[in-house]
Amino acid sequence: MGTSDTLRPEITVLTVEHKNRVLQQIQRRRGTCRHCGGEHFLVGDALYLGFLFISEHQDAYMAALTCTNPACPAPHTGIRLRAPEFLP
Amino acid sequence: MVQLDYPVWLRIEHWVNVLFVTLLIRSGIEILGTHPKLYWRDDSRPGTEWARFTRKTMPTDKLYDTLDEEESYSSIVSLPGHKHLGMGRHWHFVTVMGWILTGIVYYILLFATGQWHRYIPYSWSIFSDAWNDVLTYLSFKLPALLPGQPLDAVQKLAYAFVIFILAPFQILTGAAQSPAVEAHFPWYVRLWGGRQGARSLHFFGLLAFIGFIAVHLMMVGLWGWPQLNALMIFGGVRDLGWALAASLVIIAAIVLVHVAATVWSLKSPRMVQRALGFVISQGRLFFLRPMASRQNYSPSQLSPEHRVNGKPPDSDDYKVMAVHNFVSWKLEVGGLVENPMTFTLADLRALGEKQTQRVLHNCVQGWSSIGEWSGVPFRNVVEMVKPLPQARHICFLTMQDTGRDEPAAEGEGQFYEVIDMSLARHPQCLLAYEMNGRPLPIKHGAPLRLRIENQVGFKMAKWIERIEFISDYKGIGDGMGGWREDNVYYDKDVEV
């Protein structure tokens with residue numbers, strides 16, 4: 001999470017509760033890192049996709065994930081979620 | 001006073017003028033159709049238009065851009081019609097160059113030969129005479145001509161208005177819509193109430209010309225089509241049958257030029273782009289290229305919502321970068337340089353003091369907004385990579401795949417734009433990573449976009465991923481100097 005002048009205007013800041021729901025969704029989907037196959041992630045904030053991108057559903061978000069495997073060549077990744085899946 | 005004749009130059013100028021003005025009207029309507037809304041305020045905020053020539057409604061739950069608002073008009077009213085802004089611009093600008101040259105010659109000859117007596121009134125009484133003439137016309141009678149002159153008072157005033165007020169007014173309001181003129185002389189665009197004020201006034205000028213032509217034709221019909229056409233073709237009232245036939249032949253020839261221009265533009269747009277673009281570029285580069293931007297709008301003038309053209313890259317890679325605030329994004333700068341470099345966003349932010357500029361954005365479609373952009377002066381990057389002597393242009397490659405991201409646009413492929421090296425050193429040529437004091441929004445080109453304030457908006461590539469210094473752009477895309485140049489036939493150099 002950044003300060004007001006570095007936080008992207010499109011970013012939705014996630015609370016701990018939101019982040020736990022994102023992790024639950026990863027577990028439910030058996031999500032793994034596409035670069036190293038790692039299963040553990042740190043959850044960041046989310047980007048609302050529904051308004052900006054033509055292919056996305058209206059309630060689509062992408063949550064930022066960072067693969068915790070120190071050997072991962074590209075630890076930054078993300079998971080696409082519908083709003084009801086992680087935003088109460 | 002001396003009885004005025006109709007010298008050859010006056011007659012030629014008249015008919016050339018008919019051709020040019022009608023071409024200007026049709027190509028102007030094509031340009032209007034690309035953003036068929038008129039505003040008074042420079043933010044062009046949706047819903048604030050005072051006139052609209054479209055029934056389209058835009059979504060509120062999905063990002064739309066101004067390409068979605070574009071209208072397709074019939075070729076009967078617009079040149080060439082069917083949503084061909086590039087062609088419309090070429091015809092408008094090449095015609096206006098011809099029209100201005102014709103006008104200069106006309107003015108010189110008018111005053112050199114004494115023909116100005118025909119149009120310039122000598123006495124205030126002409127206004128009361130003109131009013132009486134109007135009343136006479138309204139009673140379905142023809143008024144008396146002014147003593148020794150071929151016109152009645154209201155006709156004389158109408159011609160004086162068109163020649164000495166309306167025509168210069170259209171040229172001046174047209175010039176006020178050039179981004180180079182606006183960038184170099186910000187006071188000039190303010191003179192017209194801003195960019196959108198100038199555009200709206202230019203539209204009223206169009207209406208005035210259409211109204212004048214309609215009334216003029218009606219008057220010629222009322223006063224005697226064969227007689228007046230004989231004056232304007234043969235220089236005297238004689239051979240009326242031939243005059244009538246000749247007038248119809250001339251009108252048919254003018255219509256034929258319009259048809260040919262339309263068909264040529266629709267069938268061979270690349271040829272039109274090359275031929276007319278060559279002529280226009282000479283004028284642009286000579287008169288407008290030297291005009292560097294020196295804008296500095298006040299914070300209070302910033303548009304609350306800056307309009308958008310182009311849609312963000314709709315790829316997972318881009319979205320992952322975006323949700324991580326572009327920390328993994330890298331800008332490669334290479335090509336014909338001594339020192340190729342790669343920059344992260346943090347690297348760019350650390351490149352000395354950031355430059356901030358509050359400027360008017362001119363879209364090729366006609367809308368505008370005022371924004372504050374901050375980033376790295378591009379000349380700093382140029383100095384770091386040290387271009388080789390053979391580098392003459394700079395190609396900005398973006399992450400946008402137009403076939404995927406921009407269904408409203410014609411064409412496919414990676415979006416790119418090419419600028420000349422000379423523009424890179426303009427003081428307000430900027431690689432912007434911030435807008436209005438915040439990180440550059442995704443819809444405006446995050447993480448990095450180009451700002452060149454004396455150019456039209458499409459040159460200012462958004463979502464940049466690579467900058468290449470090149471000697472020639474003929475081998476890139478279709479070789480016209482940019483994706484829009486390749487696909488929608490715009491000019492590469494767009495100071496207007």
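Order of the sequence lines sets the chain letters (A, B, ...), proteins ahead of strands, with each chain counted from 1. All values below come from the heavy atoms of this structure, side chains included, with hydrogens, waters and symmetry mates left out.
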Requested in this report: Tell me, please, whether A/F53 has B/K311 positioned over its six-membered ring: NZ or CZ under 6.0 Å from the ring centre and within 45 degrees of its axis?
Outcome: no

Query raised in the report: B/D317, B/I442, B/V320: which one forms the most heavy-atom pairs within less than 4.5 Å of chain A?
Result: B/I442

Report summary line: Bottom line for B/V327: the part with an atom under 4.5 Å from chain A's heavy atoms is side chain

Requested in this report: Answer with side chain, backbone, both or neither: which region of B/T60 has an atom nearer than 4.5 Å to a non-hydrogen atom of chain A?
Outcome: backbone

Requested in this report: Side chain from CB out, backbone as N, CA, C, O: work out which of these in B/P313 comes under 4.5 Å of a heavy atom of chain A, or both, or neither.
Outcome: backbone

Query raised in the report: Hey, is the main chain of A/G50 close enough, under 3.5 Å, to the side chain of B/K62 for a donor-acceptor pair?
Result: yes

Query raised in the report: Under 4.0 Å between a Lys/Arg side-chain N and an Asp/Glu carboxylate O for B/K443 and A/E10?
Result: no

Requested in this report: Heavy-atom distances under 4.5 Å only: say whether B/Y318 touches chain A with side chain, backbone, both or neither.
Outcome: side chain

Query raised in the report: Hey, what do you get for CE (A/M62) to CG (B/D316), rounding to the nearest 0.5 Å?
Result: 5.0 Å

Query raised in the report: Would you find a donor on one side and an acceptor on the other, under 3.5 Å apart, between the side chain of B/H324 and the backbone of A/L65?
Result: yes

Report task. Working to the nearest 0.5 Å, report the span between CG of A/D45 and CG of B/N325. Result -> 9.5 Å

Query raised in the report: Mind checking whether B/V323 and A/H76 have side chains closer than 4.5 Å, heavy atoms only?
Result: no

Report task. Quick one: pull up CD1 in A/I54 and CZ in B/R404 and give me the separation to the nearest 0.5 Å. Result -> 8.5 Å

Query - Heavy-atom side-chain proximity of A/R80 to B/K319 below 4.5 angstrom - result: yes

